[in-house]
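First the proteins, then the strands, lettered A, B, ... as listed; each starts at 1. It should be emphasised that the depicted structure is a prediction, and the values quoted were computed from it without experimental measurement.
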Amino acid sequence: AQSVSQHNHHVILSEAASLELGCNYSYGGTVNLFWYVQYPGQHLQLLLKYFSGDPLVKGIKGFEAEFIKSKFSFNLRKPSVQWSDTAEYFCAVNAKAGTALIFGKGTTLSVSS
Amino acid sequence: GAGVSQTPSNKVTEKGKYVELRCDPISGHTALYWYRQSLGQGPEFLIYFQGTGAADDSGLPNDRFFAVRPEGSVSTLKIQRTERGDSAVYLCASSTSFGEGTDTQYFGPGTRLTVL
C-alpha cells in the first residue's frame with residue numbers, strides 16, 4: 001500500500017532561516033506529488049505539485065521542491081522563511097490522476113520574528 | 001471564482017444520532033472527494049465521485065458511512081448512528097480530473113464534527 005512519511009513533526013525557525021521539510025513516499029510506480037499548506041484558521045491550499053518533467057518544481061511564495069526518484073523523496077525547501085510561513089505543511093501523493101491522495105501526517109512550522 | 005464550500009462549518013451531535021454534511025464543489029469540476037482528518041493526522045481518503053457515481057468508496061470505514069451526489073454537483077456525506085470516534089474534520093475536495101498532469105484537488109474549509 002502507498003504511504004507517505006514526513007520526518008519532522010514540528011520545526012521551529014527564526015525569520016530568514018532556510019527551510020527543508022522531508023517527505024518520502026512508498027510506491028513502486030509513477031506518482032504525482034504535492035505539497036499542501038494550511039495556514040492557521042484557513043483551509044488546505046496547494047503549494048506546489050509535480051507530475052512529470054523537471055524534477056525541481058517551484059510553487060507559490062518562494063517555495064520549491066525536488067523530486068528524487070531514486071530516493072522516493074519530494075522535499076520542500078525555502079531559502080529564507082518569513083513569519084507568515086507559520087503553518088502546517090502536508091506532503092501528498094497519488095498514483096495517477098483521478099485517484100485518492102495519500103497524505104503524510106504533516107509538519108508544523110513555527111517561524112519567530 | 002468561488003472555491004469548494006462545505007456546510008455546516010461545525011456540527012455537534014450526540015452519540016447515536018444521524019448527521020449529514022454537505023459539499024458544493026467548484027463549478028465545472030466533475031470529480032469530488034471526501035476525506036477525514038483527525039487531530040494530529042493528515043487527511044484520510046473516504047470516497048471519490050466521478051460525476052454521479054462513486055468511483056472508489058474503499059476508504060469508507062464501515063456501513064454507517066454513505067455519500068451521494070445525485071446530480072453530479074453537490075454531494076452529501078451521511079453518517080448513521082454516530083460514534084465518538086467519528087469526531088474529526090471532514091474535508092471535501094474537487095478537481096477537473098482526467099488526463100495525466102491535470103488533476104489537482106482543491107479543498108474546502110471542512111466541517112468539524114463533534115460527537116458527544
Do [X] and [Y] share a hydrophobic cluster, counting only Ile, Leu, Val, Met, Phe, Trp and Tyr and linking them when any side-chain heavy atoms are less than 4.5 Å apart?
{"X": "B/L113", "Y": "B/L39", "answer": "no"}
{"X": "B/L32", "Y": "B/F66", "answer": "no"}
{"X": "A/F34", "Y": "A/Y89", "answer": "no"}
{"X": "A/V37", "Y": "A/W35", "answer": "yes"}
{"X": "A/L44", "Y": "B/V89", "answer": "yes"}

> Checking B/L91 against chain A: side chain, backbone, both or neither under 4.5 Å from a heavy atom?
Replying inline: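 The side chain, not the backbone.
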Shortest non-hydrogen contact between [X] and [Y], atoms and distance:
{"X": "B/Y35", "Y": "A/L101", "result": "OH-N, 2.9 Å"}
{"X": "B/Q105", "Y": "A/T99", "result": "NE2-O, 3.2 Å"}
{"X": "A/F90", "Y": "B/G42", "result": "CE2-CA, 3.6 Å"}
{"X": "B/T104", "Y": "A/Y36", "result": "CG2-OH, 4.5 Å"}
{"X": "B/F107", "Y": "A/H43", "result": "O-CD2, 3.2 Å"}

> Crowded around A/H10 NE2? As in, over 12 foreign heavy atoms under 6.0 Å?
Replying inline: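 Atom NE2 in A/H10 is crowded, with more than 12 foreign heavy atoms closer than 6.0 Å.
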> Does A/Y27 OH have over 12 foreign heavy atoms under 6.0 Å away?
Replying inline: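 Yes.
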> What part of A/Q42 lies closer than 4.5 angstrom to a heavy atom of chain B: side chain, backbone, both or neither?
Replying inline: neither
How far does [atom1] of [X] sit from [atom2] of [Y], to the nearest 0.5 angstrom?
{"X": "B/Q37", "Y": "A/K105", "atom1": "CD", "atom2": "NZ", "answer": "12.5 Å"}
{"X": "B/Y33", "Y": "A/N94", "atom1": "OH", "atom2": "CG", "answer": "7.0 Å"}
{"X": "A/L46", "Y": "B/Y106", "atom1": "CG", "atom2": "OH", "answer": "6.5 Å"}

